[in-house]
Amino acid sequence: MEEIVERIKDLYSKEDVNSIRVSISFGWDTKKSSDEDILSVIKSAEDLMYKYKIVKNEGNRGNTILTIINTLHEKNPREEQHSQRVSELCQNIGKALSFSEIKVSKLKVVGLLHDIGKIAIEEGILNKPGKLSEQEWNEIKRHPDIGYRILSSSSEMLELANCILAHHERWDGKGYPKGLKGEDIPKISRIIALADSYDAMTSERSYRKALSEEEALVEIRKNAGTQFDPEIARVFVEKVLVKRWA
């Protein structure tokens with residue numbers, strides 16, 4: 001078994017996917033007598049695999065996540081600019097809500113990483129100039145779940161992973177992927193949702209012109225209490241953009 005594992009390691013060490021080095025963890029055990037329960041042997045092999053995985057990979061995960069986000073930005077520079085703007089908006093909303101410095105720092109990071117799941121979406125769909133088909137839209141809607149799976153591989157990123165999973169949920173429960181509603185949506189996710197939407201509205205796309213700030217404010221006011229958390233929407237308008245709510 002050890003010889004087989006070494007042979008596999010040698011083969012995968014020469015491979016990478018989108019500049020990400022392949023990593024595989026192995027575990028094995030042996031049934032030594034006929035009265036041993038085969039399921040116990042399999043469980044022992046799995047336990048060894050997970051122990052090896054934790055020891056070997058925990059230190060590499062941060063670098064892997066950084067590589068993934070850099071690869072996404074190389075594929076689509078517009079995503080990098082969008083993520084930076086969303087990150088700044090999230091920080092400003094956090095400060096306006098009197099969040100602690102640590103929580104504001106968390107918002108900065110989660111704003112930068114919120115679309116990391118788009119690494120798995122075809123470039124042709126991400127950069128499509130026209131309207132997306134239903135199938136293409138369903139593909140795009142996978143990115144919060146993909147982002148969650150990427151980040152939840154690291155214990156230190158798990159809390160951020162949950163926030164990113166929910167950043168396309170809506171206050172009225174009509175969002176995705178879980179259809180969470182109101183206070184059931186993590187507050188950080190509600191902040192990302194607003195910052196993400198505002199930046200999308202005020203940025204030019206190949207298929208439409210950017211909305212002016214006033215036009216975007218009309219949309220935010222109109223959708224407060226349905227798409228957006230009404231309290232966060234009001235704070236954003238009054239304290240971040242320094243505009244009248246009414």
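The residues of the chain are indexed from 1 along the displayed sequence.
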Any donor-acceptor pair under 3.5 Å from [X] side chain to [Y] backbone:
{"X": "T226", "Y": "N223", "result": "yes"}
{"X": "K103", "Y": "G94", "result": "no"}
{"X": "E136", "Y": "L132", "result": "no"}
{"X": "K108", "Y": "V104", "result": "no"}
{"X": "S87", "Y": "S83", "result": "no"}
{"X": "E204", "Y": "K209", "result": "no"}
{"X": "D229", "Y": "I232", "result": "yes"}

Any side-chain heavy-atom pair from [X] and [Y] closer than 4.5 angstrom?
{"X": "I4", "Y": "W28", "answer": "no"}
{"X": "D196", "Y": "H82", "answer": "yes"}
{"X": "D184", "Y": "E169", "answer": "no"}
{"X": "Q91", "Y": "S105", "answer": "no"}
{"X": "H168", "Y": "H143", "answer": "yes"}
{"X": "F26", "Y": "M1", "answer": "no"}

Inspect the contact between [Y] and [X] and indicate whether a charged nitrogen and a carboxylate oxygen are less than 4.0 angstrom apart.
{"X": "E46", "Y": "K43", "result": "no"}
{"X": "E139", "Y": "R142", "result": "yes"}
{"X": "R190", "Y": "E183", "result": "yes"}

message = Pair E6, K9 - check salt bridge (charged side-chain N to carboxylate O under 4.0 Å, His left out), show working.
response = CA-CA 5 Å; E6 286 305 315; K9 283 181 180 177; 3.8 Å; yes
To the nearest 0.5 Å, how far apart are [atom1] in [X] and [atom2] in [Y]?
{"X": "I192", "Y": "L194", "atom1": "CD1", "atom2": "CG", "answer": "11.0 Å"}
{"X": "D10", "Y": "R7", "atom1": "CG", "atom2": "CZ", "answer": "10.0 Å"}
{"X": "L107", "Y": "I191", "atom1": "CG", "atom2": "CD1", "answer": "5.0 Å"}
{"X": "R170", "Y": "S197", "atom1": "CZ", "atom2": "OG", "answer": "9.0 Å"}
{"X": "I93", "Y": "K95", "atom1": "CD1", "atom2": "NZ", "answer": "12.0 Å"}
{"X": "Q227", "Y": "D172", "atom1": "CD", "atom2": "CG", "answer": "8.0 Å"}

Does one hydrophobic cluster hold both [X] and [Y], with members joined at side-chain heavy-atom distances below 4.5 Å?
{"X": "V218", "Y": "L211", "answer": "no"}
{"X": "Y198", "Y": "W171", "answer": "no"}
{"X": "L160", "Y": "L112", "answer": "no"}
{"X": "V5", "Y": "I24", "answer": "yes"}

key: Test side-chain hydrogen bond (donor to acceptor under 3.5 Å, both in side chains) applied to S13 - qualifying residues, sequence neighbours left out   =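 Not a single residue meets the side-chain hydrogen bond (donor to acceptor under 3.5 Å, both in side chains) criterion with S13.
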query = Would S203 and R85 satisfy side-chain hydrogen bond (donor to acceptor under 3.5 Å, both in side chains), going step by step from the backbone distance to the final call?
reply = CA-CA 10 Å; S203 300; R85 291 192 299 266; 3.2 Å; yes
key: Under 4.5 Å side-chain linkage, directly or through intermediates, the cluster mates of L180   =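 Other cluster members: I185.
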Give a yes or no on this: more than 12 heavy atoms of other residues, nucleotides or ligands lie within 6.0 Å of atom [atom1] of [X].
{"X": "K181", "atom1": "NZ", "result": "no"}
{"X": "E88", "atom1": "CD", "result": "no"}
{"X": "I38", "atom1": "CD1", "result": "yes"}

Less than 3.5 Å apart, which donor and acceptor atoms pair up between the side chains of residues 145-152 and the rest of the protein, not counting sequence neighbours?
from, atom 1, to, atom 2, distance (Å)
D145, OD2, R149, NE, 3.2
D145, OD2, R149, NH2, 3.3
S152, OG, Y148, O, 2.9
S152, OG, R149, O, 3.4

query = Relative to the ring of H167, is the ring of H114 parallel (under 30°), tilted (30 to 60°) or perpendicular (over 60°)?
reply =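 Ring orientation, 0 to 90° scale: perpendicular.
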